[in-house]
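Before any comments, here is the structure.
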Amino acid sequence: MVQTSRRRRTATAATLWFGLLGPLEVRVGEKVAPIRSPKHRILLAALLLDAGRQVRTGRLVEAVWGSGPPDHPHKALQIHITRLRSILDTLSPGSAAAIVTCSDGYLIDVAAGQLDLLRFRRRLREADRAAQAGDAVREATTLAGALAEWRGDPLADVPSELLRGAALPWLEEQRLRALERRLDVDLRLGRHAAAVSELVALTGAYPLRERLWELLLTALAADDRRSDALTAYEELRRRLIHELGIEPNDELQRLHVNILTGGRTSTADTPAGRTPVPRQLPPDVRGFTGRHAQMTRLNGLIARLDHAGGPTLIVIAGTAGVGKTALAVRWARRVADTFPDGQVYLNLRGYHPGQPVTTAQALNRMLRALGVPDAELPSDRDEQISTYRSLMDGRRMLLVLDNARSSHQVRALLPGAPGSLVVVTSRDQLIGLVAAEGAELLTLEALSTVEAHAMLAERLGTTRLAAAPDATADIIAGCARLPLALALIAASAATRPEPSLDTLARELHRARRACARPPCPPRPAPRVREGAGPA
């Protein structure tokens with residue numbers, strides 16, 4: 001999804017306010033303006049979920065019509081976009097310009113203050129700054145303001161399985177993480193009694209979410225209700241064993257022991273300084289296209305984070321150039337807010353011409369990301385692993401381990417406790433991780449012809465492709481629909497207006513034929529006379 005290079009917002013458009021964090025809402029001032037057509041609600045919601053970024057035509061068609069698109073879907077979409085613009089313009093003259101036509105799709109251009117989802121994210125960033133400044137009161141107030149943006153179930157009246165399946169898990173996870181964080185700050189400020197009743201209700205609504213139980217036990221113990229805290233722990237333990245077959249996590253078990261022995265449990269006594277929060281994800285990939293089913297499957301991992309016996313782990317496997325890294329980075333950037341303790345990216349260089357990253361090198365990089373100074377890095381491999389897993393325990397982090405060569409290269413980098421998510425990319429399927437660590441396997445195939453065409457259109461424009469349809473089809477076939485090959489061809493075409501696409505298609509065809517020829521026979525080795533030294 002491409003960021004627009006120039007904002008096109010009018011003063012009158014700013015009077016419209018949009019809401020996604022509950023039933024879809026459009027307001028003019030304080031007046032709610034209903035969007036009656038279900039298709040218009042789907043279109044508007046799809047654009048708002050990616051506000052400021054292009055949403056491709058194919059995705060919009062799929063969101064609106066699902067598996068039963070009309071005979072001429074692009075034309076039908078244009079008609080609905082025109083009607084939606086007219087509705088917005090009627091509500092607030094000039095607002096039609098907020099829906100911008102792109103090379104292969106549309107975007108909605110709204111200010112951060114006009115959309116509740118953007119206001120929610122802005123307040124979370126403000127809370128981060130308050131935390132860094134050590135101002136817990138402002139942090140708690142800002143988090144409460146962020147949570148006040150939620151009016152109910154997101155997209156409750158938007159009848160699109162695609163949108164709801166893709167967006168609801170990560171939206172709900174962001175809300176819960178903000179709520180847990182606000183309650184944690186309240187406890188550090190000594191607001192134990194007020195937090196107890198709220199946490200009792202939350203643990204009833206989310207009975208297997210261990211972080212909420214941890215906060216409840218802390219609040220009860222700090223409020224001199226040790227017996228209630230011990231009873232709550234036993235209730236949670238029974239639930240986990242009965243429903244998941246696991247014990248409470250290490251942090252809850254330590255908290256239980258502290259309550260039994262009268263040790264410190266209040267988070268109010270924790271140091272004001274916070275451990276580093278790494279933000280190491282590479283930049284998003286320009287021209288990314290397709291992969292809707294894979295993105296939806298990745299989104300499904302979020303809901304299972306707190307229920308797994310260890311870190312959720314997925315392997316994205318596929319041939320060179322098929323777009324494994326692009327998919328991992330695109331998705332990781334979309335869900336980064338779900339992992340408030342940080343995101344770490346590590347290229348293991350498994351198929352690099354040089355030497356792959358060793359286990360010791362990888363662990364040292366991970367430990368540095370977690371704030372361990374160079375002078376304190378352990379030299380022993382087992383000590384590296386134990387230090388790393390101790391620091392990861394209780395954190396909620398996203399790890400992207402790119403270009404892995406083998407299961408052995410990855411295994412030492414897996415956290416020991418649940419809550420974190422590890423995404424591994426490799427040309428190999430890493431069956432060892434699937435068999436022993438319970439990793440999910442997502443095998444990535446080449447783009448479809450439609451997706452490959454959309455990728456070229458994004459980079460070269462639909463007009464240029466429409467002028468040479470046969471050459472475009474030859475280029476797509478010649479690149480085997482691989483994103484990397486298509487990107488290289490597109491870069492060549494974009495930087496050189498000449499040659500034409502027809503010429504590029506012929507050059508690509510000749511290059512493929514040359515690669516398919518058998519190699520020349522080796523030259524005979526020069527004869528060396530017996531007893532003679534080297535020439």
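Scope of the values below: all heavy atoms of this structure, side chains included, with no hydrogens, waters or symmetry mates. These numbers come from a predicted model, not from an experiment.
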Carboxylate-amine/guanidinium contact [X] [Y], below 4.0 Å:
| X | Y | value |
| --- | --- | --- |
| Arg175 | Glu172 | yes |
| Glu180 | Arg177 | yes |
| Glu251 | Arg254 | yes |
| Arg238 | Glu234 | no |
| Glu198 | Arg191 | no |

Find out whether [X] and [Y] are in side-chain contact, i.e. whether some heavy atom of one side chain is under 4.5 Å from a heavy atom of the other.
| X | Y | answer |
| --- | --- | --- |
| Arg239 | Leu244 | no |
| Gln343 | Gln280 | no |
| Arg411 | Leu433 | yes |
| Leu413 | Leu348 | yes |
| Met392 | Leu399 | yes |
| Leu298 | Leu301 | yes |
| Ile259 | Leu220 | no |
| Leu43 | Leu77 | yes |

Closest non-hydrogen atom pair, [X] against [Y]:
| X | Y | answer |
| --- | --- | --- |
| Ala328 | Val400 | CB-CG1, 4.3 Å |
| Ala130 | Arg138 | CA-NH2, 3.4 Å |
| Pro159 | Ile42 | O-CD1, 3.5 Å |
| Glu149 | Leu21 | O-CB, 3.8 Å |
| Pro483 | Arg291 | CG-NH2, 4.2 Å |
| Arg334 | Trp170 | NH2-CZ2, 4.4 Å |

Sequence neighbours excluded, which residues qualify as ring-ring contact (aromatic ring centres under 6.0 Å, His included) partners of [X]?
| X | result |
| --- | --- |
| Tyr106 | none |
| Trp65 | His80 |
| His292 | none |
| Tyr233 | His256 |

Give the intermediate values and the outcome of side chain to side chain contact (heavy atoms under 4.5 Å, CB included) for residues Leu414 and Val422. CA-CA 7 Å; Leu414 301 180; Val422 183; 4.0 Å; yes
Taking side chain to side chain contact (heavy atoms under 4.5 Å, CB included) as the test, write out the residues that go with Ala156, two or more places apart.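 Here the qualifying residues are Pro23, Asp153.
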Non-neighbouring partners of [X] that pass side-chain hydrogen bond (donor to acceptor under 3.5 Å, both in side chains), sequence neighbours left out:
| X | result |
| --- | --- |
| Thr142 | none |
| Asp157 | none |
| Glu214 | Arg211 |
| Arg225 | Asp228 |

Check: [Y] main-chain N/O paired with [X] side-chain donor or acceptor under 3.5 Å:
| X | Y | value |
| --- | --- | --- |
| Thr425 | Thr325 | no |
| Lys324 | Ile316 | no |
| Arg181 | Ala127 | yes |

Who passes salt bridge (Lys or Arg N to Asp or Glu O under 4.0 Å) against [X], sequence neighbours left out?
| X | result |
| --- | --- |
| Glu247 | Arg237 |
| Glu126 | none |
| Asp224 | none |

May I have the step-by-step check of side chain to side chain contact (heavy atoms under 4.5 Å, CB included) for Phe18 and Leu16, ending in yes or no? CA-CA 7 Å; Phe18 301 95; Leu16 277 184; 3.9 Å; yes
Checking side chain to side chain contact (heavy atoms under 4.5 Å, CB included) for the pair Glu437/Val410: CA distance, chi angles, key distance, verdict? CA-CA 11 Å; Glu437 273 72 35; Val410 171; over 6 Å; no
Side chain to side chain contact (heavy atoms under 4.5 Å, CB included) for Phe339 and Val344? Distances and angles first, verdict last. CA-CA 10 Å; Phe339 299 90; Val344 174; over 6 Å; no
Indicate whether the side chain of Asp116 and that of Trp17 have a donor and an acceptor atom separated by less than 3.5 Å.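 On atom types as modelled, these side chains do not qualify, holding no pair under 3.5 Å.
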Is the CD atom of Glu235 crowded by more than 12 outside heavy atoms at less than 6.0 Å? yes
Return the OG1 to CG distance between Thr101 and Leu107, rounded to the nearest 0.5 Å. 9.0 Å
